[in-house]
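Residue numbers start from 1 in every chain, and the chains themselves are labelled A, B, ... in the order their sequence lines are given, proteins ahead of strands.
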Protein chains: 2
Amino acid sequence: MRVTAPPVGILNDVRQRLMQEAITLFVQQGYSATTVRAIVAAAGVTKPVLYYYFKSKENLYLEIMNSIRKLLDQRIEMLHATAGSVRQRIQELFVGMLDSAHENLSVVRLAYAIYFGPPQGAPFVDFNHFFDEILDTVDALLAEGITTGEIVDCNRTIICWALVGSYQAILEEQFCRVTPRIDRNGLIQVVGQILDGVAPKTPQGAHQGEKYEAM
Amino acid sequence: MRVTAPPVGILNDVRQRLMQEAITLFVQQGYSATTVRAIVAAAGVTKPVLYYYFKSKENLYLEIMNSIRKLLDQRIEMLHATAGSVRQRIQELFVGMLDSAHENLSVVRLAYAIYFGPPQGAPFVDFNHFFDEILDTVDALLAEGITTGEIVDCNRTIICWALVGSYQAILEEQFCRVTPRIDRNGLIQVVGQILDGVAPKTPQGAHQGEKYEAM
DNA sequence: GTCTATATTGAGATAGAC
DNA sequence: GTCTATCTCAATATAGAC
């Protein structure tokens with residue numbers, strides 16, 4: 001039983017639905033166990049519709065993975081367009097990434113499932129590179145802060161792992177618990193706490209009244 | 001067709017091999033996709049041998065999961081039998097957990113695969129509780145440190161997330177990369193760095209020459 | 001009992017009408 | 001753009017010879 005075509009104003013509603021349902025099913029059943037039939041049934045369309053929008057199941061999967069990449073790239077671009085202290089920009093980066101993840105929780109959950117779960121014949125996606133990119137971005141920000149004197153000369157690697165590790169734990173909390181025990185504000189505090197550890201002791205390095213210090 | 005009982009000298013070599021091969025296969029193919037046939041073939045025994053040592057595939061799986069629990073419990077027990085400053089004990093806990101994980105990397109990898117991957121009909125194991133236990137243990141240590149004045153009065157939740165998050169990121173690095181970019185010593189430094197942020201400014205709170213400050 | 005050849009199933013993918 | 005109907009192919013199950 002057909003439903004009338006969607007209004008053109010809603011750009012490719014069907015395409016979005018297919019991706020969303022695929023994400024949900026990949027999370028629940030894994031890539032290989034999820035059939036094209038199940039995806040189209042969940043999206044309320046038929047098989048050819050899927051093959052019209054995506055070349056194949058594999059291609060659909062890759063487009064989903066690509067959407068994750070876009071989320072990260074957006075945040076890194078936004079970062080480059082942001083002014084402010086290194087501290088502010090680091091907090092902005094992490095909070096922004098958490099916000100993006102929050103708006104796309106199911107796809108983040110899928111990324112974790114793919115990364116840690118069994119391969120299942122799904123095309124390889126280099127999630128390690130994502131992590132490296134975040135690590136490198138934070139490292140560069142720290143390096144800048146050390147140059148300007150906003151941050152004391154320290155072992156950047158150590159600070160990077162503390163920051164990125166904390167971020168990841170808080171991110172995981174968002175989709176592994178029904179009621180996360182730590183949120184956006186907690187992240188701001190954690191990042192702030194770690195950065196306090198490398199703030200200069202001199203008054204000019206103080207950071208009162210900054211954007212993210214509230215709570 | 002029964003096999004004779006294993007020589008008592010080699011304490012259940014076969015049993016261990018079965019568990020190890022099961023772990024490897026569960027990681028590679030997932031729980032449901034791994035057949036009993038594949039496990040026994042990898043261990044070089046026949047099906048009845050598996051059913052002799054373990055009641056079922058499910059039971060074998062549960063014993064593997066139980067071995068993870070034992071690893072954590074051991075570390076928490078060791079902690080209670082450890083003297084030293086709060087700082088030392090926190091570092092000892094994290095380093096000890098990393099060491100345990102290192103000696104049992106494949107089972108840790110499996111735990112992550114199960115936790116984040118698709119359910120696959122495997123019996124439920126409450127991994128969240130593991131995480132909570134670590135969080136609570138660290139929190140209690142921090143609380144003790146605040147009472148004794150070794151640590152300044154701070155938002156313990158924030159410090160806990162920073163510590164446990166960093167630990168987890170470093171743990172994941174151990175089994176997600178062929179050559180981890182951070183190791184045991186890095187963990188000590190990260191934990192030390194975070195704890196420095198809550199150390200009292202007064203000289204009596206200083207922590208020179210402690211067990212884990214080398215590197 | 002074991003092996004090989006054949007059925008059956010169910011997956012991804014497509015052709016062509018509307 | 002979407003449908004019905006169909007194709008191809010691989011894995012699995014089964015039958016029947018040996």
Checklist entry - How about A/W161 and A/Y167: are their ring centroids closer than 6.0 Å? => result no

Next on the checklist: Taking the ring centre of each residue, are A/Y115 and A/Y112 less than 6.0 Å apart?
Outcome noted: no

Item to check | All pairs passing salt bridge (Lys or Arg N to Asp or Glu O under 4.0 Å) where residues 66-80 of chain A contributes a residue, at least two apart | outcome: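 Those involving residues 66-80 of chain A are A/R69-A/D73, A/R69-A/E133.
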
Checklist outcome for this item: Sequence neighbours excluded, the answer for salt bridge (Lys or Arg N to Asp or Glu O under 4.0 Å) partners of A/R109 is none

Item to check | End axis versus end axis in the helix from C/dG1-D/dC18 to C/dC18-D/dG1, the angle rounded to 10°, five pairs used at each terminus | outcome: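 End-to-end axis angle for the helix from C/dG1-D/dC18 to C/dC18-D/dG1: 10°, rounded to 10°.
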
Nearest-angstrom distance from the residue atom [atom1] of [X] to [atom2] of [N]:
X     : N      : atom1 : atom2 : answer
B/R37 : D/dA13 : CZ    : C1'   : 13 Å
A/F54 : D/dG1  : CZ    : P     : 13 Å
A/L18 : D/dG1  : CG    : C1'   : 12 Å
A/R17 : D/dG1  : CZ    : P     : 14 Å
A/K57 : D/dC9  : NZ    : P     : 19 Å
A/L60 : C/dA11 : CG    : C1'   : 16 Å

Item to check | Test salt bridge (Lys or Arg N to Asp or Glu O under 4.0 Å) applied to A/E92 and A/R87, step by step | outcome: CA-CA 8 Å; A/E92 186 103 24; A/R87 182 189 183 87; over 6 Å; no

Checklist entry - Listed by chain and number, what are the side chain to side chain donor-acceptor pair (under 3.5 Å) partners of B/D132, not counting sequence neighbours? => result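 Expected list: A/R177, A/R181.
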
Checklist entry - When all nucleic acid strands are considered with a 4.0 Å heavy-atom cut-off, which category describes A/T34: base, sugar-phosphate, or nothing? => result sugar-phosphate

Checklist entry - Contacts to DNA chain C from residues 45-53 of chain A, heavy-atom cutoff under 4.0 Å, which residues? => result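 DNA chain C contact set from residues 45-53 of chain A: A/K47, A/P48, A/Y51.
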
Item to check | Minimum heavy-atom distance B/I68-B/A111, with the two atoms named | outcome: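 For B/I68 and B/A111, the tightest heavy-atom pair comes out as CD1-CB, 3.7 Å.
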
Side-chain donor-acceptor pairs of residues 19-31 of chain A under 3.5 Å, sequence neighbours excluded:
from, atom 1, to, atom 2, distance (Å)
A/Q20, NE2, A/S106, OG, 3.0
A/T24, OG1, A/Q20, O, 3.0

